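Each remark here refers to the structure printed beneath this line.
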Amino acid sequence: MDIEKVNSMDFGEFVDVFGNVIERCPLIAAAVWSQRPFSDLEDLKKHFFAFIDALPQSGQEGILRCHPDLAGSEVRRGTLTAESQREQSGAGLTTLGADERLRLAELNAQYRARFGFPFVLAARFSDRAAVSRELARRLLCPSSQELRTALGEVKKIGSLRLADLLRADPAKL
Ligand SMILES: NC(=O)N[C@H]1NC(=O)NC1=O
């Protein structure tokens, strides 16, 4: 898909295609649509991220809360979004043994209790061992720093999802 195609989309199509660039936050795609035309992928990305940066802290925390836990109950229930399913399975998080799953569940619960939002990490840049390590490390970080780190991960996830969508047409590669 090239940027001309993106710029030609009506509102409904745009939200259908880009609604999950930021996990379970189609409102962001709905807001970004009114900023078109976009010059390229970078420009489109800038608009998604500017929306996130302009939110009050409660909105930014809301975005984090829309993310499913890594290797959490949604994996077992089969209710992950297609994107999250791909990312989590690529990092080996959907096939953990019971012990590893329990350890991650405990760390996820401690993290949520400490910061009030779920642990978010771009799983495509990680693997099962690195996820537990990073979770344990970030549990000890100051809250103000942790919000910034977590939003940085949301942006990494969004960048990868946008790149996938814009490279989806092999004829344009
Ligand atoms: N909790 C969390 O980080 N979830 C996200 N990470 C990722 O790569 N995909 C997700 O759904």
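Quick note: residue numbers are just sequence positions, from 1. Order of appearance sets the numbers: ligands from 1, and atoms from 1 within every ligand. Computed from a prediction, not measured in an experiment: that's the story for all the values here.
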Arg101 side chain reached by Arg76 side chain, heavy atoms, under 4.5 Å: yes
Please table the atom pairs, donor to acceptor, closer than 3.5 Å between any side-chain atom in residues 117-125 and protein atoms at least two apart or in another chain.
from   : atom 1 : to     : atom 2 : distance (Å)
Arg124 : NH1    : Asp164 : OD2    : 3.0
Arg124 : NH2    : Asp164 : OD1    : 3.3
Arg124 : NH2    : Asp164 : OD2    : 3.3

Any N/O pair Ile157/ligand 1 closer than 3.5 Å: no
Arg124 N/O under 3.5 Å from ligand 1 N/O: no
Arg103: partners by side-chain hydrogen bond (donor to acceptor under 3.5 Å, both in side chains), with sequence neighbours left out: none
Ser84 N/O to ligand 1 N/O under 3.5 Å: yes
Connected via hydrophobic side-chain network under 4.5 Å: Leu135 and Leu147: yes
Within-cut-off N or O pair, Leu121 and ligand 1, under 3.5 Å: yes
Identity and distance of the protein heavy atom lying nearest atom 9 (N) of ligand 1: Glu87 OE1, 2.7 Å
Ligand-side contact atoms (ligand 1) for residue partner Val120, heavy atom cut-off under 4.0 Å: 1 (N), 2 (C), 3 (O)
Atom 4 (N) of ligand 1 [closest protein heavy-atom partner, distance rounded to 0.1 Å]: Pro68 O, 3.3 Å
Ala122 N/O under 3.5 Å from ligand 1 N/O: no
Ion pair check, Lys46 and Glu42, cut-off under 4.0 Å: no
Residue portion contacting ligand 1 (non-hydrogen atoms closer than 4.0 Å) for Ala91: neither
Sub-4.5 Å side-chain heavy-atom contact between Ser126 and Glu134: no
Enclosure of Asp53 CG (heavy-atom neighbours >12, cutoff 6.0 Å): yes
Taking atom 8 (O) of ligand 1 as the reference point, the nearest protein heavy atom with its distance: Ala123 N, 2.8 Å
